[in-house]
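Each remark here refers to the structure printed beneath this line.
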There are 2 protein chains.
Amino acid sequence: MGKIKIILADDHQILLDGLSSILELQEDICVAGIYTNGLAMYADIKNTMPCIALVDINMPGLNGHELTLKIKKEFPEIKVIALSMFDDITHIMQLIKAGASGYLFKNTNNDELLKAIRAVADGGTWFSAGVTDKVAAFIKAEKSRQYDPVAPALTGRELEILKLVAMEYSNAKIADSLFISERTVETHRKNMLRKTNHKNMVGLLKYAFDNHLL
Amino acid sequence: MGKIKIILADDHQILLDGLSSILELQEDICVAGIYTNGLAMYADIKNTMPCIALVDINMPGLNGHELTLKIKKEFPEIKVIALSMFDDITHIMQLIKAGASGYLFKNTNNDELLKAIRAVADGGTWFSAGVTDKVAAFIKAEKSRQYDPVAPALTGRELEILKLVAMEYSNAKIADSLFISERTVETHRKNMLRKTNHKNMVGLLKYAFDNHLL
DNA sequence: TAAAAAATACCTTTTACGGGGTATTTTAAT
DNA sequence: ATTAAAATACCCCGTAAAAGGTATTTTTTA
């Protein structure tokens, strides 16, 4: 069986050097290209046609997400492992949706790194422990946040206020519009946030639109 | 030509008495029903089958908007004139969309009231001066706010931040997620608001969704 | 290579919002 | 008629956000 051909992209040369030195020691892995930015990797990828592209997600120019999208679109058979400082769910979901087969943190130890590369080369996936936890929690939260038939509906007055919030009215202006006290508006807002378990009007409005309340 | 048959709904008896006494003096108008709430008017409307329903929009139980929707759905030929303390564009648009042929303020003088009733009975519409001004301004603002191809797009970083805002992240949390300073987040938010002429994140997010930026 | 744009970061002040409650009146439901 | 829910209004406090700027560095564009 041939060696696992891998290419690397990261804007930090030191990290590239470190990665490269680790990987070159492996009998079954060969590093076919090293790039300090996404554009360079993308420009050269049809020449290297690697099995795996290991990409830092935070690069200037073409970032890891954009690079992954492009790679998977043109070369779906090339697998991508994202490398990140972030443990933020937004980036994780973004890269997974873009088709990454793996997501590792930059502080991943060498052993896990190698395991991940081999698993992905073998057709599998590898996400750091924290990543899978976050994804599970995120999906769970999303499901409980999307259309929730059990959640108490908002009252007519609450929705009326929410519509004005959506129109960027301040509490004072809402109060003027509805001929009620600003305190009353504050209480309605507070009640809506509490009812729907949201932190702010942004989230609440999204909830209202998602549930066709507005 | 027959008299204009009209029915009235308002939760303030005094106002009903006043309206009724004015209208009964007119040779061409007859008051066929007087109700202190929307439900009562709705329940009786097929018995009265008036030409015009004059309805206060702020009533308990069935408010003027809901009442108008029901009336126009079941009896599209019955015309509705909304009567309101509000000069708020939300209610105005709401009632117009519900099919009201007129929108008057409660401080409208008798002369205008009669003119409105006659115009509407004649198949026309009648909106108080302030109403038409507000509607025009509102539509103009909406048009300039909806998909605006000339408006500068938001940058990649700005959109990244906006996505996190949409997820109810605080500035601090956004900063942590993106490994940048909270001040930087503040500046990006400020810049986006300024670019798109919005007052707050709520409006900006709506703009972003409307323009398919998110 | 130079210019422009984007990204970053900081400062101050003001305003608005969120979070913690309680209480009374009005309206709706039973 | 009674109870429950909704609507109203108030209080206090702390923090977040918005608004007003400026400045430097990095990246992108021409």
Side-chain angles (χ1 to χ4, degrees), chain A residues 11-12 36-40 42-43 58-63 66 152-162 164-205 207, chain B residues 11-12 36-40 42-43 56 58-63 66 152-162 164-205:
Chain A
D11 56 334
H12 296 103
T36 53
N37 66 78
L39 279 170
Y42 180 63
N58 191 27
M59 294 181 287
L62 207 62
N63 67 27
E66 294 160 332
L154 301 178
T155 68
R157 197 56 147 174
E158 285 171 343
L159 287 173
E160 195 150 27
I161 286 171
L162 203 55
L164 298 182
V165 170
M167 289 169 66
E168 293 182 83
Y169 277 39
S170 64
N171 283 350
K173 199 174 176 188
I174 293 171
D176 285 345
S177 299
L178 301 182
F179 296 89
I180 57 177
S181 162
E182 191 173 339
R183 307 287 201 180
T184 301
V185 177
E186 285 166 14
T187 302
H188 281 303
R189 288 173 68 137
K190 196 162 39 182
N191 289 343
M192 289 190 278
L193 290 178
R194 194 175 285 148
K195 262 185 187 179
T196 62
N197 197 28
H198 280 90
K199 288 192 180 63
N200 53 40
M201 285 295 120
V202 156
L204 178 57
L205 276 164
Y207 166 90
Chain B
D11 55 335
H12 296 103
T36 52
N37 66 76
L39 280 168
Y42 180 63
D56 178 17
N58 192 28
M59 294 180 289
L62 207 64
N63 67 30
E66 294 161 332
L154 300 179
T155 69
R157 198 57 150 174
E158 286 172 342
L159 288 173
E160 195 151 25
I161 286 172
L162 203 52
L164 299 181
V165 169
M167 289 169 67
E168 296 180 81
Y169 278 40
S170 63
N171 284 350
K173 200 175 175 188
I174 293 172
D176 285 344
S177 298
L178 301 182
F179 296 89
I180 56 179
S181 162
E182 192 173 339
R183 303 291 199 176
T184 302
V185 177
E186 285 166 13
T187 301
H188 281 304
R189 288 173 70 137
K190 194 163 41 183
N191 289 343
M192 289 189 276
L193 290 178
R194 193 177 288 149
K195 263 185 186 179
T196 62
N197 196 28
H198 280 88
K199 289 191 179 65
N200 53 38
M201 285 296 120
V202 157
L204 178 58
L205 275 165

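Both backbone and side-chain heavy atoms feed into the values below; hydrogens, waters and symmetry mates do not. Below, chains carry the letters A, B, ... as their sequence lines are ordered, and counting in each starts from 1.
Taking atom CG on B:Leu178 and atom P on C:dT8, their separation rounds to 8 Å, with Å as the unit. Atom-to-atom, NZ of A:Lys173 to P of C:dC17 comes out at 12 Å; the value is rounded to the nearest Å. As rounded to whole Å, 17 Å separates atom C1' of D:dA7 from atom CZ of A:Phe179. In this structure, CG of B:Asn171 is placed 21 Å from P of D:dG14, rounded to the nearest angstrom. Going from atom CE of A:Met201 over to atom C1' of D:dA16 covers 14 Å, rounded to whole Å. One atom, NE2 of A:His198, and another, P of D:dA16, lie 19 Å apart when rounded to the nearest Å.
Contact detail for A:Ala166 and B:Val202: the closest heavy-atom pair is CA-CG1, 3.8 Å.
DNA chain C is contacted by both B:Glu158 and A:Val202; B:Glu158 maps to the nucleotide lying nearer its 5′ end (nearest heavy atom per residue).
Looking at the side chain of B:Arg157, the nearest of the listed nucleotides D:dT8, D:dA17, C:dT8 is C:dT8.
The closest donor-acceptor contact from the side chain of B:Thr184 to the backbone of B:Ile180 lies at 3.5 Å or more, if one exists at all. The closest donor-acceptor contact from the side chain of A:Thr187 to the backbone of A:Arg183 lies under 3.5 Å. A distance-only check finds a donor-acceptor pair linking the side chain of B:Glu168 to the backbone of A:Asn200 [under 3.5 Å]. No donor-acceptor pair closer than 3.5 Å links the side chain of B:Glu160 to the backbone N or O of B:Arg157.
Using a 4.0 Å cut-off between charged nitrogen and carboxylate oxygen, B:Glu186 and B:Arg189 do not count as a salt-bridge pair.
An OP1 or OP2 oxygen of C:dA7 is reached within less than 4.0 angstrom by a side-chain nitrogen or oxygen of B:Thr155.
DNA chain D is contacted by B:Arg189, B:Lys190, B:Leu193 of residues 181-193 of chain B, taking any non-hydrogen atom closer than 4.0 Å.
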